[in-house]
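For reference, the structure discussed in these notes is given below.
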Amino acid sequence: MTTARLAEQRGWQLYLVGGAVRDLLLAPEDRLLIQDIDLVVDGFHRAADTAAGVELAKDLQRTCLEARLQVHGRFQTAALLWHDDPQLGSLWIDIATARTEFYPYPAANPEVEASSIRQDLYRRDFTVNAMAIRLTAPRSGELLDFFGGLLDLQLRQIRVLHTNSFIEDPTRIFRAVRFAVRLGFQIDPQTEGYIRHAIASGIYQRVQAEVDRTPALQTRLKQELKYILQAPYWKAAIQLLSDLDALQCIYPSLQLGDRWKQLRLADRWLTRFDPAGSLEHWQILLEVLLMALDPADRGKVAENLQLAADSIQRLQQLDQVEAALADLPDCQRPSQVVQRLRQYDWPTLLLVAIASPRSIRKIIWRYRTTWSQVKAPLDGNDLKALGYKPGQQFKEILETLLLATLDGVVGDRDQALAFLAKHFPQ
Ligand code: ATP
C-alpha cells in the first residue's frame with residue numbers, strides 16, 4: 001500500500017499484474033503466499049515518466065532500507081528484493097512502466113489511462129496472466145480484465161491472446177504446458193491448434209536462427225525447462241510437451257520414446273542418492289533427455305541452451321566414458337571396480353548407469369552404495385604410530401590396504417596389522 005500511496009503522490013496509476021492476480025483470484029481466501037509481485041506504473045505519457053517504474057522503486061526503497069534495489073535501465077524496470085527478511089521472508093517486487101508508445105494521445109485524455117495498461121496487458125501470454133488489479137485511487141481494488149481472463153480461470157483453461165503468439169515466442173509453448181499442468185487446467189483447443197501450427201511451421205529452425213541474434217530466447221527456454229523439470233509435476237508436463245511434439249523446440253529429432261524409463265530411473269537414483277538436492281536434479285534430468293540425441297549433437301544442443309560447463313562436458317564425453325566402462329562386468333573383484341570408477345564424478349557415473357545395460361548399472365549401484373564407502377581398518381595416523389615414515393610409500397601402503405579391505409582379504413585391525421607385517425615389513 002505504501003507503493004500505491006507513493007504512486008498517487010506523483011499522480012501515477014499503479015497496478016498489480018500477471019501471475020499474482022491470477023493466483024489471488026484462484027486462491028482460497030486466507031491461503032496465499034505470493035513471493036513474486038509484478039507491478040506496473042502508468043505514467044500518463046509525460047516524457048519524464050518513461051522511467052516511472054524505476055523512480056517508484058527508488059521511492060519505495062527509501063522507505064524500506066532493508067530491500068535491495070536492482071535497476072534494468074533498458075527495459076525501464078526495477079526490482080526490489082527482500083531475502084530472508086524476518087517479516088516478509090523472501091519477496092521480489094518488479095516495478096515496470098506501462099508501455100504506452102502505441103498510444104500517443106494527449107496526457108489528459110482519460111482513455112489513455114486505460115489504453116496504456118491495456119496495451120501492456122495485451123503483450124502478455126495468456127488471458128489468465130493478462131489481468132490487473134488497480135492499486136491506486138480512485139477505483140482501487142478494481143479488476144481490469146480486457147481479454148476474458150476471469151472466465152478462463154472459471155473454465156480452467158489456458159488461452160493465448162494472439163494467433164501468432166507461439167511463433168513470436170516459442171517459450172510460450174513451455175509456459176502453456178507449465179501453467180496447464182500446475183494449475184490443473186486444459187489448454188484451450190484453439191490455443192492447442194496454434195501450438196501445433198507453430199511447431200509444424202518449423203519452430204526449431206526459428207529458435208536456431210535466433211540463437212546468435214537473441215540468446216535471450218535460449219535463456220528463456222532453459223529457464224522454462226528448469227521450472228518444469230524442478231517442479232513436482234514434471235512428469236506430466238514432459239508427457240504433455242511430448243504429446244504436443246514440442247520437444248522439437250529443443251532439437252528436431254528429440255523424442256521422448258523410451259526415454260521415459262531412463263528419466264524415471266534417473267529420478268529414483270537422484271532421490272535415493274541425493275535427497276538433500278545438492279546436485280541440480282533438473283539439469284541431470286535434462287541431460288538424460290538430451291542423451292536421446294545423436295552423440296555428436298548433444299554437446300551443441302547443451303551449449304545452445306547455455307547449460308553449465310560441467311553439464312555440457314558430461315554430454316560431450318558420455319559416449320567415451322560409456323565405451324570405456326563397457327567391460328565393467330568383467331571385473332572379478334570390488335577393488336578393480338573401485339579403481340575403474342573412482343576417477344569419475346558422481347553425475348557422470350549416474351548418466352552412464354542410466355544409459356547402460358542392467359549388468360553395468362548394478363555394478364555402479366553397488367559401487368555407490370557399498371564399495372565407495374569402504375575404509376581400511378588403519379589410517380595414516382595408525383601407520384605413523386606404527387613407525388612408518390610419511391611419504392610415497394605411505395600412500396602405497398594405504399592404497400594396498402584399502403584394496404585388500406575391499407576384496408575381503410583384510411577384515412579388521414588385527415588382520416590389517418598382520419597384512420602390513422607380511423607385505424610391508426619395516
Ligand atoms: P509464476 O507464478 O510461475 O511466477 P507468473 O505468471 O508470475 O508465474 P512470470 O514468468 O513471473 O510468470 O511472468 C510474469 C508475467 O509476465 C506473466 O504472468 C505474463 O503476464 C508475463 N510474461 C512472462 N513471460 C511471458 C512471455 N514469454 N510472453 C508474454 N508474456 C509473458
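We use all heavy atoms of the structure for the numbers below, so side chains are in, but hydrogens, waters and symmetry mates are not. When a ligand or atom number is given, it counts from 1 through the structure's own listing order.
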So if I count the atoms of ligand 1 from 1 in the order they appear, which ones are less than 4.0 Å from some heavy atom of [X]?
X      : result
Arg22  : 1 (P), 2 (O), 5 (P), 6 (O), 8 (O)
Arg182 : 1 (P), 2 (O), 3 (O)
Gly18  : 18 (O)
Asp169 : 26 (C), 27 (N), 28 (N)

Could you check whether Asp169 pairs with Arg220 (Lys NZ or Arg NE/NH1/NH2 to Asp/Glu carboxylate O, under 4.0 Å)?
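Between Arg220 and Asp169 there is a salt bridge, with a charged N closer than 4.0 Å to a carboxylate O.
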Before accepting this row, confirm whether a basic side-chain N of the pair Asp152/Arg159 lies closer than 4.0 Å to the acidic partner's carboxylate O.
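Yes.
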Considering non-hydrogen atoms of the protein only, which is the closest contact for [atom], and what is the distance?
atom                    : answer
atom 28 (N) of ligand 1 : Arg172 NE, 2.7 Å
atom 4 (O) of ligand 1  : Asp36 OD2, 4.0 Å
atom 7 (O) of ligand 1  : Gly19 CA, 3.6 Å
atom 14 (C) of ligand 1 : Asp38 OD2, 3.3 Å

Heavy-atom distance to atom 25 (C) of ligand 1: which of Arg124, Glu168, Arg175 wins?
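Nearest heavy atom to atom 25 (C) of ligand 1 lies in Arg175.
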Do the ring planes of Phe126 and Phe166 sit parallel (below 30°), tilted (30 to 60°) or perpendicular (above 60°)?
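It falls in the tilted class, 30° to 60°.
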Do Thr136 side-chain atoms and Leu14 backbone N/O form a donor-acceptor pair below 3.5 Å?
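Between the backbone of Leu14 and the side chain of Thr136 there is a qualifying donor-acceptor contact (under 3.5 Å).
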Any pair with a residue in residues 360-372 that passes side-chain hydrogen bond (donor to acceptor under 3.5 Å, both in side chains), sequence neighbours left out, goes on the list, sorted by first then second residue, please.
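For residues 360-372: none.
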Would you please name every residue forming a side-chain hydrogen bond (donor to acceptor under 3.5 Å, both in side chains) with Lys235, sequence neighbours left out?
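Residues passing side-chain hydrogen bond (donor to acceptor under 3.5 Å, both in side chains) with Lys235: Asp267.
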For Phe179, is the nearest heavy atom under 4.0 Å from an atom of ligand 1?
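Distance cut 4.0 Å: Phe179 passes for ligand 1.
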Is the NZ or CZ atom of Arg118 positioned over Phe146's six-membered ring, under 6.0 angstrom from the centre and within 45° of the axis?
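Yes, Arg118 sits over the ring of Phe146.
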Taking atom types as modelled, is there a side-chain donor on Ser311 or Glu287 under 3.5 Å from an acceptor on the other?
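Result is yes, a qualifying pair exists.
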Ligand 1 contact on Asp125 by region, counting heavy-atom pairs under 4.0 Å:
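The answer is both, backbone and side chain.
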